[in-house]
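Naming: A, B, ... by sequence-line order, numbering from 1 per chain. Keep in mind that this is a model prediction, so the values were computed, not measured. Quick note: numbers below take in every heavy atom, side chains included, and nothing from hydrogens, waters or symmetry partners.
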Number of protein chains: 2
Amino acid sequence: MEFTAPQSPAGLHTTPSWLLNQAATYAGRLIGEGFAAHDLRGYHYRLLASLAEDGPASQADLGRRCGIDRSDVVAAINDLAGRGLVVRAPDPADRRRNVISSTEAGAEVARRMGETVARVQDDLLAPLSTTERAQLTRLLTRLLEHHSRH
Amino acid sequence: MEFTAPQSPAGLHTTPSWLLNQAATYAGRLIGEGFAAHDLRGYHYRLLASLAEDGPASQADLGRRCGIDRSDVVAAINDLAGRGLVVRAPDPADRRRNVISSTEAGAEVARRMGETVARVQDDLLAPLSTTERAQLTRLLTRLLEHHSRH
DNA sequence: TAACCAACGTTGGTGCGTCCAACGTATCAC
DNA sequence: GTGATACGTTGGACGCACCAACGTTGGTTA
């Protein structure tokens with residue numbers, strides 16, 4: 001893949017937030033291309049993966065689990081339901097809620113997209129040794145951990 | 001700042017591209033808030049910083065220097081010119097081109113936004129030691145370097 | 001029981017960053 | 001001179017993230 005990095009401003013080349021942004025943009029491009037093969041996007045994968053891993057949930061809970069706004073969950077679930085990857089059923093115990101469950105087809109798509117994601121990691125981290133990959137993962141995890149507990 | 005990290009899908013918690021995306025999103029939020037104080041956005045900063053560091057250039061060259069599409073450069077330069085931060089003048093040597101130069105005010109705004117960016121780095125990297133910050137920067141640089149030379 | 005507040009799904013809209021296609025104009029290489 | 005290329009510009013698209021508001025339903029408290 002052709003990835004032409006911006007040349008400047010030179011000062012940004014050593015600015016962590018810029019490097020982070022660039023690396024994430026590149027990773028996102030790889031991921032996006034991989035997902036395009038399934039004609040789905042990031043939101044769909046997050047939802048399918050969450051359903052596969054943690055089971056059925058209301059839309060609001062799904063949104064919280066995946067870090068997606070309630071309103072965006074609606075649209076994504078519409079897409080997934082339209083393709084039979086997910087089932088939306090009213091919750092008899094609480095009529096405000098819809099219970100979303102993955103279908104067999106949905107679980108299969110989640111599995112294949114997961115493979116795509118795994119392949120992308122290898123592409124992305126190709127220049128780093130195993131130790132360095134762990135280092136990077138650890139540093140990023142620490143960063144996020146810290147900022148999520150304000 | 002309140003940053004509520006998504007809970008799941010659990011598998012993503014250790015996926016580098018996901019961590020990268022999350023960290024970049026958070027950094028972008030910090031940067032965006034800082035820039036909002038100047039009523040400007042990322043594109044504007046990149047352009048102003050590039051002009052300050054590497055001097056005047058045509059819009060196309062600016063786009064290449066900053067990694068911004070030509071068409072997006074047009075709009076951003078319109079904004080900057082409208083605020084007197086930048087001057088757009090036809091290039092006498094090549095009538096296809098506009099030469100964009102930073103004004104004094106533009107240079108000053110670039111400087112102040114640069115300070116904002118520096119402050120954000122400190123916020124962002126707060127949980128990491130000096131050594132770890134250098135490590136992170138090095139790893140990300142290696143990553144980008146590798147992928148930009150395909 | 002009635003009043004109130006909170007949570008749910010949904011609609012519609014905003015913003016930023018990125019990218020692409022197409023046009024008319026100007027320049028360069030042959 | 002002709003054809004390819006670069007330029008600025010317009011107008012549009014997409015993905016992700018976010019917000020305000022509404023009607024409906026549920027829980028809490030007076």
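Residue contacts for B:G42: at a heavy-atom cut-off of 4.0 Å it reaches the sugar-phosphate backbone alone, with no base atom in range. Here B:R97 lies in heavy-atom contact (under 4.0 Å) with sugar-phosphate atoms only. Counting non-hydrogen atoms under 4.0 angstrom, B:R70 reaches a base of the nucleic acid.
Between B:E115 and B:R112 there is no salt bridge, since none of the side-chain N atoms of the basic residue sits less than 4.0 Å from a carboxylate O of the acidic one.
Along DNA chain C, the nucleotide closest to A:D69 and the one closest to B:F35 are compared, and the more 5′ of them pairs with A:D69. Toward the 5' end of DNA chain C, the nearer of the two residues A:A60 and A:D72, judged by each one's closest nucleotide, is A:A60.
Both A:Y26 and A:L128 are assigned to one and the same hydrophobic cluster, defined by single-linkage of ILVMFWY side chains at heavy-atom distances under 4.5 Å.
One finds no side-chain N or O of A:R41 lying less than 4.0 angstrom from the OP1 or OP2 phosphate oxygen of D:dA17.
If you measure from atom CG of A:D91 to atom P of D:dT25, you get 14 Å, rounded to the nearest angstrom. Counting to the nearest Å, the C1' atom of D:dT9 and the CG atom of B:L62 are 16 Å from each other. The CD atom of A:Q59 sits 17 Å away from the P atom of C:dA7 (whole-angstrom rounding). Separating the CD atom of B:E33 from the P atom of D:dC19 is a distance of 10 Å, rounded to the nearest angstrom. Protein atom OH of B:Y26 is 16 Å distant from nucleotide atom C1' of D:dA17, rounded to whole Å. For A:N21 and C:dC16, the CG to C1' distance is 11 Å, given to the nearest whole Å. Rounded to whole angstrom, the span from the CG atom of B:N78 across to the C1' atom of D:dG11 amounts to 14 Å.
In summary, of the residues considered (B:L80, B:L47, B:D79), a side-chain contact (heavy atoms from CB on, under 4.5 Å) with B:L40 occurs for B:L80 alone.
Residue A:R96 has its side chain nearest to D:dG26 when only D:dG8, C:dT27, D:dG26 are considered. Relative to the side chain of A:S71, the nucleotides C:dT18, D:dA20, D:dA6 differ in distance, and D:dA20 lies closest.
Between the side chains of A:R133 and A:Q121, no donor-acceptor pair of N or O atoms lies under 3.5 Å.
Heavy atoms only, all atoms of each residue included: B:A76 and B:Y43 are closest at CB-CB, 4.3 Å.
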